[in-house]
Amino acid sequence: MTKKIMLTTTLLLTSLLHAEHPAAHWGYSGAGAPAHWGDIDPKFQTCKQGVNQAPINLTGFVESELPAITFDYTLSTSNILNNGHAIQANVKNGSSITVDGIVFDLKQFHFHNPSENNINSKSFPLEAHFVHASKDGELAVVAVMFEEGKENQALKELWAKMPHKVGDKTPIDAKHLEALLPKNRDYYRFNGSLTTPPCTEGVRWLVLKTPVTLSAAQIEAFKNVMHHPNNRPIQPTNARVILK
């Protein structure tokens, strides 16, 4: 990896992990809406010029014997913050996945309502993104869909500390977060991008096939804090292959 790419990736990862007070005024409505992201800042041009953007509608799958993702998760959090774009939980060191023989350390996870990715044109009330980075700065996102049903015990713990004010961050030592992940870890895979500016491409997307549940009250609690949908619209798939 060249020094230029490494520097770009490092800056990108820094913005991802510390996006408590974003510099550019992007958002999900009005002049800062997704349709305008590419014009807000020259650094965001990939948002309109990229050809491998996320999220997408996952359909037209190509059968493939995808190797299992090796999860080595302790999922212990340090704090939960409201950055105005999402509710994000920062995690303590020690959780990782292994994909393509590469170890990706879990840095944070955050939530979107409604889901950003669709599966066979189906939208879900909540989607979690577990953001990982390798030592070389490569990014991998594990996406988990939530469907309305039984109360989610992990979200119960997180939502109890969810900051209501933009910019606020609350310490939380949440350790019982296995309910955020389905027991079945089969997944779809595609090459995509970040779903927020600067929309950088080259991100490994690993979308778990099996959703987990959350209650109607938990959906409403999230909406009442965010006050607006925080999902980027579906992007063109173009020539990409979606593996299953």
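Checking side-chain atoms of R189 against main-chain N and O of L66 turns up no donor-acceptor pair under 3.5 Å. A donor-acceptor pair under 3.5 Å is formed between the side chain of S95 and the backbone N or O of L75. Between the side chain of H112 and the backbone N or O of E127, no donor-acceptor pair lies under 3.5 Å. Although no hydrogens or angles enter the test, the distance criterion places a donor-acceptor pair under 3.5 Å between the side chain of E201 and the main chain of V51. One N or O on the side chain of S134 and one on the backbone of D136 form a donor-acceptor pair closer than 3.5 Å. In this structure, the side chain of T70 does not engage the main chain of I97 through any donor-acceptor pair within 3.5 Å. Of the possible polar contacts, one joining the S115 side chain to the F124 backbone as a donor-acceptor pair under 3.5 Å is found. Using modelled atom types, one side-chain atom of N152 and one backbone atom of A154 make a donor-acceptor pair closer than 3.5 Å. A donor-acceptor contact shorter than 3.5 Å is absent between the side chain of R232 and the backbone of P55. Listed for the N230 side chain is a donor-acceptor partner under 3.5 Å among the backbone atoms of H85.
No path of Ile, Leu, Val, Met, Phe, Trp and Tyr side chains, each step under 4.5 Å between heavy atoms, connects V207 with F146, placing them in separate hydrophobic clusters. No single ILVMFWY cluster, assembled from side-chain heavy atoms under 4.5 Å apart, contains both V141 and L106. Under a hydrophobic-cluster definition in which Ile, Leu, Val, Met, Phe, Trp and Tyr are linked whenever side-chain heavy atoms come within less than 4.5 Å, directly or via other members, L158 and V142 are assigned to the same cluster. Hydrophobic clustering (side-chain heavy atoms under 4.5 Å, transitive across Ile, Leu, Val, Met, Phe, Trp, Tyr) groups I80 together with V225. Grouping the Ile, Leu, Val, Met, Phe, Trp and Tyr side chains by contacts below 4.5 angstrom, directly or via other members, places L181 with F109.
Residues meeting the salt bridge (charged side-chain N to carboxylate O under 4.0 Å, His left out) test with E178, sequence neighbours left out: R185. Shown here are the salt bridge (charged side-chain N to carboxylate O under 4.0 Å, His left out) partners of K161, two or more places apart in sequence or in another chain: there are none. Remark: D186 engages no residue in a salt bridge (charged side-chain N to carboxylate O under 4.0 Å, His left out) (not counting sequence neighbours). In terms of the ring-ring contact (aromatic ring centres under 6.0 Å, His included) criterion, residue partners of Y188 (sequence neighbours excluded) are, by chain and number, F61. Residues satisfying the salt bridge (charged side-chain N to carboxylate O under 4.0 Å, His left out) test with E220, not counting sequence neighbours, are K223. Under the ring-ring contact (aromatic ring centres under 6.0 Å, His included) criterion, F222 pairs with W159, sequence neighbours left out. With sequence neighbours excluded, no residue forms a side chain to side chain donor-acceptor pair (under 3.5 Å) with S64. Residues meeting the side chain to side chain donor-acceptor pair (under 3.5 Å) test with K122, sequence neighbours left out: none.
A distance of 10.5 Å separates CG in D168 from NE2 in H164, rounded to the nearest 0.5 Å. Expressed to the nearest 0.5 Å, how far NZ of K107 lies from CD of Q88 amounts to 12.5 Å. Within the model, atoms CD of E157 and CE of M162 stand 13.5 Å from one another, a figure rounded to the nearest 0.5 Å. Rounding to the nearest 0.5 Å places CG of N79 at 9.5 Å from CD1 of I172. The CG atom of L243 sits 10.5 Å away from atom CG of N191, with the distance rounded to the nearest 0.5 Å. Between atom CG of residue L214 and atom CD of residue E151 there is a gap of 9.5 Å, rounded to the nearest 0.5 Å.
Residues P211 and P182 are not in side-chain contact: their nearest non-hydrogen atoms beyond the backbone lie 4.5 Å or more apart. Side chains of N120 and L58 form no contact here, defined as non-hydrogen atoms less than 4.5 Å apart. Side-chain contact between Q53 and T46 is present, with heavy atoms from C-beta onward closer than 4.5 Å. By the 4.5 Å heavy-atom criterion applied to side chains, V166 and N83 are not counted as neighbours. Here the side chains of Y187 and I69 are in contact, with some heavy-atom distance below 4.5 Å. With a 4.5 Å cut-off on side-chain heavy atoms, I87 and H110 do not count as touching. In this structure, F190 and I56 have side chains that are in contact, with non-hydrogen atoms separated by less than 4.5 Å. The shortest side-chain heavy-atom distance between L126 and L155 falls under the 4.5 Å cut-off.
Closest of all the heavy-atom pairs between D173 and S76 is OD1-OG, 3.4 Å. Taking each heavy atom of P163 and L81 in turn, the nearest pair found is CG-CA, 4.0 Å. The minimum heavy-atom distance linking H129 with A143 is given by the pair CD2-CB, 4.0 Å. Of all heavy-atom pairs spanning Q108 and N90, the tightest one is CB-OD1, 3.6 Å. Taking every heavy atom of both residues into account, T196 and W37 meet most closely at CA-CZ3, 4.0 Å. Here the closest non-hydrogen pair linking P125 and I219 is CB-CD1, 3.6 Å.
Judged as a disulfide bond (SG atoms under 2.5 Å apart), not a single pair has a partner in residues 81-187 (not counting sequence neighbours). Within the structure, disulfide bond (SG atoms under 2.5 Å apart) pairs that include any residue of residues 44-79 comprise C47-C199 (at least two apart or interchain). For residues 204-213, the side-chain hydrogen bond (donor to acceptor under 3.5 Å, both in side chains) pairs, not counting sequence neighbours, are D100-R204, E138-R204. Applying the disulfide bond (SG atoms under 2.5 Å apart) test to every pair with at least one member in residues 214-244, sequence neighbours left out, gives no pairs at all.
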Practice task
Please assess M145 against N117 for the test side chain to side chain contact (heavy atoms under 4.5 Å, CB included), listing each intermediate value before the final yes or no.
Solution key: CA-CA 9 Å; M145 303 299 179; N117 293 292; 3.7 Å; yes
Exercise for the section: Evaluate side chain to side chain contact (heavy atoms under 4.5 Å, CB included) for L208 paired with N184, printing each intermediate quantity in order. Expected result: CA-CA 8 Å; L208 300 191; N184 183 345; over 6 Å; no
Handout entry: Working for side chain to side chain contact (heavy atoms under 4.5 Å, CB included), residues K92 and T74
Key = CA-CA 9 Å; K92 298 176 182 177; T74 58; over 6 Å; no
Handout entry: Steps toward side chain to side chain contact (heavy atoms under 4.5 Å, CB included) verdict (L194, V203)
Key = CA-CA 7 Å; L194 298 177; V203 178; 4.2 Å; yes
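With 3.5 Å as the limit, one finds a donor-acceptor pair spanning the side chains of S121 and N57. Side chains of D105 and S96: a donor-acceptor N/O pair is absent below 3.5 angstrom, by distance only.
A parallel orientation is assigned to the rings of H132 and Y73, their planes being inclined by less than 30° (bins at 30° and 60°).
At most 12 heavy atoms of other shown residues, nucleotides or ligands fall within 6.0 angstrom of atom CG in N93.
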